[in-house]
Each structure stands twice: as C-alpha cells, then as structure tokens.
Amino acid sequence: MVHYTPPLRDIRFVLHELLNIEDECKALPAHAEIDAQTIDAVIEEGGKFAAEVLLPLNQSGDEEGCCYDPASHEVQTPRGFKTAYKQFVEGGWPALSCDPEHGGQGLPTVLGVCLSEMLNSANLSWTMYPLLTHGAYEALHAYGSPDQKAVFLPKLVSGQWTGTMCLTESHCGTDLGLLLTKAEPQADGSYKITGNKIFISSGEHDMADNVVHLVLARLPDAPPGAKGISLFVVPKYLVQPDGQLGERNAIYCAGIEHKMGIHGNATAQIVMDGAIGTLVGKPNNGLQAMFVMMNAARLGVGVQSLGLTEVAYQNAAAYAKERLQMRSLSGPKSPDKPADPIIVHPDVRKMLLTARAYAEAGRALAYYVALQTDKGRAAPDEATRQDCADQVALLTPIAKAFLTDNGWIATSHCLQVFGGHGYVKEWGIEQYVRDARISMIYEGTNTIQALDLLGRKVLADNGAKLKKFGRQLADFIDEEGVNEAMQEFVNPLADLVEKVTKLTTEIGMKALGNADEVGAAAVDYLRICGHLVFAYLWARMAKLALEKVNGGDPFYKAKLATARFYYAKILPETAGLIRAVRSGAKPLMDMEEALF
C-alpha cells in the first residue's frame with residue numbers, strides 16, 4: 001500500500017545548488033576527482049536499491065519482526081532481510097564513504113548520508129544494521145590499533161561483518177559512569193569481559209558472518225565514574241591469525257526486546273561471561289573513542305527521522321489528492337465529483353506543508369553537516385578543518401534532536417491526514433509514527449542533546465562556536481539585506497539572530513547563580529536554535545528559487561512556496577519558546593517532590 005519515490009530532484013538541488021558540492025569536493029585533495037555525474041549516478045542507483053529492494057520488505061518486516069531462539073541464542077531477521085543485505089554487500093554500498101586503505105571507495109561522507117536518507121525512507125529497521133556497522137568502523141578507524149584495523153576494518157567496510165555499540169546496562173541508561181561490566185587483563189594482552197548490556201541495536205542476527213561488538217567496561221584499577229571507562233572490541237566469533245573465523249566467543253544474546261516500533265531490527269540483551277576482547281585506545285579513555293561512534297550515530301539517527309518524514313509526506317500528499325470528503329469552504333473545487341479531495345482544506349495543507357518543510361530543511365541540514373564533516377577531515381589547511389569541526393560539534397546535537405522531534409511531529413501529521421485509515425495497519429502510515437518515536441530516545445535522549453548543545457557547545461566556550469556560526473549568518477544577512485525580494489526572509493532571520501544572541505547571554509548569566517537554569521532552558525533553547533538554522537537554510541534556498549522561479553520549472557515555485565510557509569506558519573513558534581526559556585527554572589523546581 002505504501003509507495004516511495006526517491007526525492008532525487010531535491011537531493012540534487014541541495015547538493016549542487018545549495019552546497020555547490022562539486023567545487024567543495026575539488027578543494028579537498030581526498031575527493032578532488034569526484035564530479036557531478038558520479039555524484040548523481042551514485043544517488044540514483046542508491047535510490048533504486050532503496051525503492052526496489054528495501055521498500056517491499058518494510059511492512060512485512062514490521063509485521064513479522066525478528067525471531068529469537070533461546071536454545072541457540074540466535075536471532076532470525078524477517079523474510080527477505082538477509083537476501084537484501086547480500087545484495088547490499090555485493091553492490092559495494094557499505095564501502096561507499098570508507099577509507100580506500102581498508103577497501104572503501106573513499107567517496108565523501110555527504111554521499112553516504114544521501115544514501116542513508118533513502119534507505120531509511122524505504123526500510124528503517126533494515127537500515128539500522130549497516131548504520132551501526134559504519135559507526136563501529138568510524139571508532140576503530142580513529143582509535144584502533146594497527147592489528148585491530150587489519151583484522152576488523154576490511155570486513156566491516158565490505159559489510160561481511162557487522163558492528164554494534166554496547167553501552168547501556170539495565171541500571172544505567174545515559175549515565176555511563178554507573179556501568180558495571182568488568183574487563184580482566186590476560187597474560188597474552190587480551191581481556192576477559194564479563195557483564196550484561198541491554199538495548200543493543202543489531203546485537204544479534206543472521207545477516208552476516210560475524211558481529212563486532214564495541215563494549216564499554218571497567219578495568220580492575222579503574223577510577224570511579226566516567227573517567228574509569230575503557231573500550232574493547234569483542235567479536236561474536238574469535239578471529240584466527242590467518243583471518244578466518246575461529247570458535248564462538250563467550251558473548252551471546254539472552255533475548256530481544258518486544259518494541260513499539262523498528263520491529264525488523266533486533267534490539268538485543270547481550271551477556272558476556274569471560275568473553276575475549278582487546279582494548280581500543282588507551283585504558284580509561286573509552287568514552288573518547290566511543291564518542292566518535294556516537295557522533296556518527298547521532299547524525300545517522302537524525303537522518304532516520306528525515307527519511308521517515310519524507311516517505312510519510314509522500315504518502316499523505318498522494319492520499320490527500322485522492323480522498324474525497326466534504327466541499328471546500330470557498331466553494332466546490334471538483335464540481336464533477338461528489339466531494340472535493342481533502343487537499344483543498346486549509347488544515348490538511350498545513351499538516352502536509354509542515355512535513356514537507358521539515359523534510360526539505362532537514363535534508364539541507366543533514367547534508368550540510370556531512371559536508372562540514374568531510375571538510376573537517378580533508379581540507380588542506382588547519383584553520384578550515386578547525387572551523388568545520390566546530391560547526392559539526394555545534395550542529396550535531398541540533399541535527400539529532402531537532403530532526404527527530406520534527407520527524408515525530410511530521411509523521412503524526414501525516415497519519416492525521418489519513419484520518420481513521422491512518423490508524424489501521426494496512427495503509428502503512430502508522431508504522432512510521434511508531435518507528436519515529438524511538439529516535440527521540442536512543443543515541444542520547446533529546447534532552448541530553450539539548451544539554452550538550454547549551455552546556456558544552458555554547459556556554460562552555462563562552463559562545464565561541466555559536467558566534468562563529470552567527471558570523472556566517474550575519475554575512476548572508478548583510479549580502480541580501482539590499483535585495484528587496486529577499487526581505488520577507490532576511491528580516492525575520494536577522495531578528496531571530498539578535499534574539500538568540502540576547503537569550504544566550506541571559507541564560508549564561510542566570511546559570512552562574514543556579515545551574516538548574518541550564519536544565520530548565522536547554523530543550524526549548526535547542527528548538528530555538530534548530531529554527532535559527534532552518535530559517536538560515538530556508539532563506540538560502542529561497543534565494544536560489546527566486547533566481548529561477550520564472551524559468552518555468554515548477555520545482556522552484558514549490559520550493560519558494562514552502563519557504564514562505566515555513567517563515568509564516570512554523571518559525572513564529574520561536575516567540576513562545578523564547579518566553580518559556582525566560583520563565584526560568586522556578587516554575588519547574590518549586591513543586592515539592594512529595595506532591596508529584
């Protein structure tokens with residue numbers, strides 16, 4: 001019942017017109033040979049795989065789910081998942097943006113994000129398996145020893161093996177300083193890992209020959225808290241000196257969670273009973289290495305919601321054009337039919353345009369962050385690399401939390417467009433709502449993202465990263481301030497820049513006297529900053545559309561109309577959020593605990 005058409009036209013618009021991707025890549029020695037034709041060919045073929053191979057498995061995978069065998073501790077994925085993964089590996093897709101030294105294709109990260117968006121639209125549960133694998137690759141690529149890289153990276157890059165991140169334990173979620181998993185040093189330099197982990201996405205399955213777990217654990221002499229955490233690589237099957245798989249390691253799945261959504265992905269309970277592992281990086285420095293993986297996953301989770309927003313919008317828009325119900329308040333629009341299609345009704349349009357505006361700006365933000373990641377790694381000069389790294393640090397929590405909040409809003413709106421039909425399984429839209437909800441929780445709840453943004457990325461450096469990004473916005477405002485056609489975008493953007501600057505100072509001053517002011521403000525503050533970034537990106541996209549809207553291509557007409565909708569109907573949300581932030585911590589903290 002569900003359909004999906006990869007949004008290639010808008011993807012190309014963001015890559016080529018907004019981000020000028022070909023020229024940006026040519027300035028990076030690692031990607032200097034890439035051209036627009038190669039980029040377009042990659043995204044077109046990726047879109048075909050998503051729509052033709054993965055989409056047909058999405059609804060059946062949700063209905064079937066994963067099956068756990070308690071006798072063997074093994075998990076069977078839904079029908080078709082294993083075959084699709086084999087096609088994915090044979091097509092070389094896992095290697096797309098990986099280092100050629102380990103068998104990767106060396107293409108920019110931004111192309112990997114384009115592919116990920118389309119895969120998530122088609123089948124989010126399936127796409128989580130390669131998502132976690134790429135995160136494990138990133139961590140080992142950054143911190144693995146030469147031996148670890150030689151053993152694990154080629155297999156992870158090829159997709160022959162998959163990866164996980166084993167952080168959470170039943171008594172501690174975000175507070176990793178409380179974890180109890182132990183690592184005992186062995187004479188041969190390895191470690192025996194003992195402990196239990198929960199909520200491990202892709203933790204056990206039948207799609208690959210081996211699962212490479214990255215596990216957080218404590219050494220015997222580790223200091224308490226987060227400063228005493230080390231990272232270990234613990235494979236499901238031990239690897240022999242010749243690279244072949246050896247005996248089963250003492251790590252196994254004790255069960256899988258029965259979840260609200262993402263049924264096709266195995267969310268595993270992992271038990272280690274003296275499992276053999278090797279240390280990644282330095283002792284008691286595990287969080288630094290794990291954050292490499294987590295940062296990749298945070299953007300990846302934002303892209304999950306972007307994919308769901310896009311596919312939900314496509315299906316709701318198609319339904320709204322066909323579903324006949326009532327007449328337009330301003331008079332019949334289809335007098336030859338018994339009723340008008342519901343797309344004539346203002347509130348239906350508001351819901352659809354909200355989803356569309358969030359999808360198109362979310363795409364721009366995700367691809368922008370990915371491009372800054374590429375530049376932060378490969379730019380020839382240190383100053384550019386640092387500037388881009390600062391932008392990635394600032395924008396990653398926004399990309400994770402704002403895109404996932406918006407994905408929940410958008411998929412709920414799209415279900416509402418279907419009315420009662422949206423609430424029943426056969427139409428497929430309710431799955432997107434269920435799948436979208438987890439993205440606000442895992443890889444650090446959105447409150448954690450907000451605290452990271454306000455506490456670590458803004459206040460900790462006295463707003464240096466925010467000011468640097470703000471100068472970019474100020475330059476755009478100065479350039480377009482004399483353009484009469486751009487006033488409807490530039491003036492509200494300039495106003496919001498000024499308000500965010502003032503609000504940030506106010507929060508910082510309050511926090512000096514009461515740290516709870518940061519916690520009280522953080523979530524609303526992140527959403528304000530999310531709108532600030534979206535407003536900037538929408539203004540840039542509107543500028544491009546204005547330049548070409550009279551050329552006859554309806555794409556630019558739609559882009560401009562969506563930009564105007566965003567500024568008129570969504571951006572004003574910031575006024576209420578600013579008022580809420582300024583109300584401070586008192587309304588939250590005055591209630592005595594006993595009265596809850």
Side-chain angles (χ1 to χ4, degrees), residues 85-86 88-89 92-106 109 112 128-167 181 183 186 188-193 197 200-217 230-253 268 270 272 275-283 285-297 300 377:
Y85 187 74
K86 182 180 179 182
F88 186 70
V89 170
W93 292 110
L96 191 68
S97 57
C98 296
D99 190 341
E101 183 179 347
H102 306 291
Q105 298 179 36
T109 299
M128 289 177 67
Y129 294 97
L131 169 68
L132 271 298
T133 302
H134 191 75
Y137 157 82
E138 292 280 6
L140 289 173
H141 188 264
Y143 286 97
S145 68
D147 285 347
Q148 288 171 332
K149 290 180 179 181
V151 170
F152 296 108
L153 288 187
K155 298 293 188 180
L156 292 172
V157 167
S158 70
Q160 291 175 267
W161 299 351
T162 63
T164 76
M165 49 196 300
C166 290
L167 288 73
T181 299
Q186 303 300 298
D188 62 358
S190 68
Y191 296 80
K192 285 192 174 182
I193 317 295
K197 301 288 185 177
I200 308 306
S201 299
S202 312
E204 173 65 29
H205 58 83
D206 58 355
M207 288 165 47
D209 296 334
N210 202 6
V211 181
V212 180
H213 301 278
L214 292 188
V215 180
L216 291 181
S230 300
L231 181 65
F232 301 86
V233 57
V234 185
K236 175 180 175 180
Y237 288 97
L238 297 174
V239 185
Q240 296 176 337
D242 62 359
Q244 299 300 308
L245 294 182
E247 64 183 25
R248 185 75 158 78
N249 204 355
I251 180 171
Y252 62 91
C253 176
I270 297 293
M272 292 161 284
I276 301 300
T278 55
L279 180 68
V280 179
K282 298 178 181 179
N285 202 32
L287 283 185
Q288 184 177 357
M290 184 59 80
F291 271 125
V292 172
M293 188 173 189
M294 291 175 67
N295 281 335
R377 292 171 175 170

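It should be emphasised that the depicted structure is a prediction, and the values quoted were computed from it without experimental measurement.
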Any chance you could measure I270, atom CD1, to Y252, atom OH, to the nearest 0.5 Å? 10.0 Å
What's the separation between atom CG in D209 and atom NZ in K155, rounded to the nearest 0.5 Å? 7.5 Å
Closest approach of P94 and S158, non-hydrogen atoms and distance? CG-O, 3.7 Å
On the 0 to 90° scale, with breaks at 30° and 60°, tag the W93-F88 ring pair as parallel, tilted or perpendicular. parallel
Judged by modelled atom types alone, do D188 and S190 share a side-chain donor-acceptor pair under 3.5 Å? yes
Distance col, row L216:CG vs K197:NZ, nearest 0.5 angstrom, shows 5.5 Å
On a heavy-atom basis, the closest approach of Q105 and P100 is C-CG, 4.3 Å
Spatial distance of atom OH (Y237) from atom CH2 (W161) [nearest 0.5 Å]: 12.0 Å
When rounded to the nearest 0.5 angstrom, what distance separates CG in L131 from OG1 in T162? 12.0 Å
Please find the pair of heavy atoms, one from L156 and one from G163, that lie closest to each other, and give the distance. CD2-N, 4.0 Å
Taking every heavy atom of V280 against every heavy atom of V233, the minimum-distance pair comes out as CG2-N, 3.8 Å
When rounded to the nearest 0.5 Å, the distance separating CZ of F152 from CG of L140 is 7.5 Å
